[in-house]
Protein chains: 4
Amino acid sequence: MARPKSNDKRTAILDAAVRVFAERGLAAATSAISSAAGIAEGTLFTYFKTKDELVNAVYRQLKAELAIAMMSRFPARKSVRLRLLHIWTRYVGWGVENPLQQKVLRQVEMWHGLTKESKKAGSAPFREIETMMREAVRDRMVKNLPQVFMQATMSALAETVMELSRHDRKRARVYEKAGFEMLWAGIAKK
Amino acid sequence: MARPKSNDKRTAILDAAVRVFAERGLAAATSAISSAAGIAEGTLFTYFKTKDELVNAVYRQLKAELAIAMMSRFPARKSVRLRLLHIWTRYVGWGVENPLQQKVLRQVEMWHGLTKESKKAGSAPFREIETMMREAVRDRMVKNLPQVFMQATMSALAETVMELSRHDRKRARVYEKAGFEMLWAGIAKK
Amino acid sequence: MARPKSNDKRTAILDAAVRVFAERGLAAATSAISSAAGIAEGTLFTYFKTKDELVNAVYRQLKAELAIAMMSRFPARKSVRLRLLHIWTRYVGWGVENPLQQKVLRQVEMWHGLTKESKKAGSAPFREIETMMREAVRDRMVKNLPQVFMQATMSALAETVMELSRHDRKRARVYEKAGFEMLWAGIAKK
Amino acid sequence: MARPKSNDKRTAILDAAVRVFAERGLAAATSAISSAAGIAEGTLFTYFKTKDELVNAVYRQLKAELAIAMMSRFPARKSVRLRLLHIWTRYVGWGVENPLQQKVLRQVEMWHGLTKESKKAGSAPFREIETMMREAVRDRMVKNLPQVFMQATMSALAETVMELSRHDRKRARVYEKAGFEMLWAGIAKK
DNA sequence: TATGAATGAGCGTTCATTCAT
DNA sequence: TATGAATGAACGCTCATTCAT
């Protein structure tokens, strides 16, 4: 079967894309990516038919990594507050430890070429959060606010915290705690 | 600072740039901007030496507009909560009423080419907010949190509210109110 | 109005295209054409939006030149035979004297990208031939054969004669005469 | 001349090439040919060192098929007219029944990469026609015209008839007959 | 100053050919 | 021998910028 399409190489391209996009934005040339990945220019297109397809793949990859970071060891039995705190902590932690990934993810999320399929696939693993929040509303633990509001504010606050923490590592804990308190205070029933 | 001949034309270019960037992203061609502005391709470059300079100018322009919207009629005598609410309401209102501007502002803020000077100039008019918050901390009305945190979370929440409101105009008031409550609950001393 | 789009330059590009296509076929690079025309690569696209558009323009240009060569001084009053001979002679003469043009015209006519509009525009000036032949049929000077047949065989024979003549100039007259006799013998009523 | 292992595969490639070239022109990718032939991309190059070599081989193959179609059951004893008619009928018949082959043959004949050897090999089987015509000239059955002229006009007329017939099957007989009459009238001694 | 044609570096992508398997 | 991933030159085209008018 000749050299089989190697998963290593696919991964190398995705990794290189993240590095290059983080440094130069999504406008970076595919040739910069292929050379960062240590492959020929044409090879990139054996793995991703177009640049758009590559960017979509980067998005899915990052979302999947983030999902693993956030959703593993999810304490399904604990209180809503602790479950939300778990998610929050993991999210912020991932962003602080993976700054390139997080930066690129933000950029891609604002990008025009994301397909519906990618968006769907990207958000699928986070469905559990929605379920949790819905139940929390039903159980009167949390205010009856639109789902989108709760998720969007959580993302926005978490991303803010990540960025602040990256620039001022010493205060990372302060930011993280204050961010969560803001979120919880805005969401929880008194 | 060279003062070009026609301020009208300069303004026309900036306006056109906002419209075009909002629709096609910062990657839009300068020729699209000049034609939207009703001028020749080359003329754009008598007002802005490079595209990067134009984008920086757009940023400053938008920040200045936003500052006017936010800071005018600032109720310096009212309570901290009301002053903050004033800012919040103006900010969110500006974003909802000027969706193109707000979209472009977000894009430019994520862009790589913003100069330090632009960033400084852009945030200058908002110095007053910082002063206010500093006093509020001193007077124990507000928790002793880092300034950046308070400003960044306010921005993040406001932008989230704007975007949600644009997609769901009927809930705009709900979002605005819940957003402010979250911010205030996270900041105010109990 | 700055440098106006020059007709000279447009013509230079079309001429260069003919030369280059004749030498290397329609697959020749646009960069070869622009450099043969003495202009920058990008300039070609100010005059022709795409390569396909350029090839279509070449086709129309050549057809127009051919039409002028064939249809000028058309002896509308003479006998059918003499009128047909006039066309034949002009056609063959043009092909022999403009070998590059004729070669390229053949290639373009076999090409997939010719638009309907081009085909229509290209054949319009030759409408007069059709009229002539139709009248000749009506007047019983010529056999009642399908129009397409008469035109296609004339083209085929003329092109054959051109090519033979180019390779063997001394016999050009023989070929030309024999070719016409074949055509006339096949078409004329006995 | 290296004899590759599997003649089946060689033939499959040649057949596929004809189909693909007919549909997309000679610019078609070799990968399209190999996939149409049901083989791997690289395998094509064990049978034909380069694409040019493949096209040359296609030419020879088609010429050979055409020769078989035209020259078999050649009525060596009949009159010149009948012998010529036999050739004509077979030629036209082959073209009408093998439209892909005929289309590709025309394209390849206009192509720049045909080698002298191919041209020579391609025309070899038709030497018999030349002999026949030479004798016919000697025996005063046919005008003393250059060999090339007679062969080229026959080809040109036959190809014209094929193409017209393909587009208008009902008139195929008319075209075929009128084409031959034109040829014969142009060649035969009165 | 305003114009828009001219420029050419740079882009994403294709494809004939090579080569590790 | 057969495979198909790997290669990189080459392509058509775009666009920020320059410059003749």
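By convention in this document, chain letters (A, B, ...) are assigned in the order of the sequence lines, proteins followed by strands, and residues within each chain are numbered from 1.
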For the side chain of A29(C), counting heavy atoms from C-beta on, which of dC15(E), dT17(F), dG12(F) is nearest?
dG12(F)
From the set dT17(E), dT17(F), dG12(E), return the single nucleotide nearest to any side-chain atom of T50(D).
dT17(E)
Rounded to the nearest Å, what distance is computed from the [atom1] atom of residue [X] to the [atom2] atom of nucleotide [N]?
X      : N       : atom1 : atom2 : value
K49(D) : dT18(E) : NZ    : P     : 10 Å
E41(A) : dA9(F)  : CD    : C1'   : 9 Å
F45(D) : dT17(E) : CZ    : P     : 5 Å
L54(A) : dC11(E) : CG    : C1'   : 15 Å
L26(B) : dC15(F) : CG    : P     : 14 Å
K5(C)  : dT21(F) : NZ    : C1'   : 17 Å
K51(A) : dT14(E) : NZ    : P     : 15 Å
L44(D) : dT1(F)  : CG    : P     : 15 Å

Under 4.0 Å between any heavy atoms, over every strand shown, what does A28(B) touch: base, sugar-phosphate, or nothing? Just pick one.
sugar-phosphate
Does A32(A) reach a base, just sugar-phosphate, or nothing at all? Heavy atoms under 4.0 Å.
nothing
Does [X] place a side-chain N or O at less than 4.0 Å from the phosphate oxygens OP1/OP2 of [N]?
X      : N      : result
T43(D) : dT3(F) : yes
Y47(D) : dA2(F) : yes
K9(B)  : dT1(E) : no
T46(B) : dT1(E) : no

Measuring from [X]:[atom1] to [Y]:[atom2], what's the distance to the nearest 0.5 Å?
X       : Y       : atom1 : atom2 : result
N98(D)  : E65(D)  : CG    : CD    : 7.0 Å
Q102(A) : R166(A) : CD    : CZ    : 4.5 Å
Q101(B) : K63(B)  : CD    : NZ    : 14.0 Å

Donor-acceptor pair between S118(A) and T115(A) side chains, under 3.5 angstrom:
yes
Ignoring hydrogens and geometry, is there a side-chain-to-backbone donor-acceptor pair from H112(C) to R24(D) under 3.5 Å?
no
Taking the nucleotide of DNA chain F with the closest heavy atom to each, which residue, G42(D) or D52(B), is nearer the 5' end?
G42(D)
Closest-nucleotide 5' rank along DNA chain F - winner of A40(A) and T30(C)
A40(A)
Comparing S6(C) with S31(A), nearest DNA chain E nucleotide closer to 5' gives the residue S6(C)
Could you identify the nucleotide paired to dT3(E), looking across every strand shown and requiring Watson-Crick or G-U wobble geometry with both distances under 3.5 Å?
dA20(F)
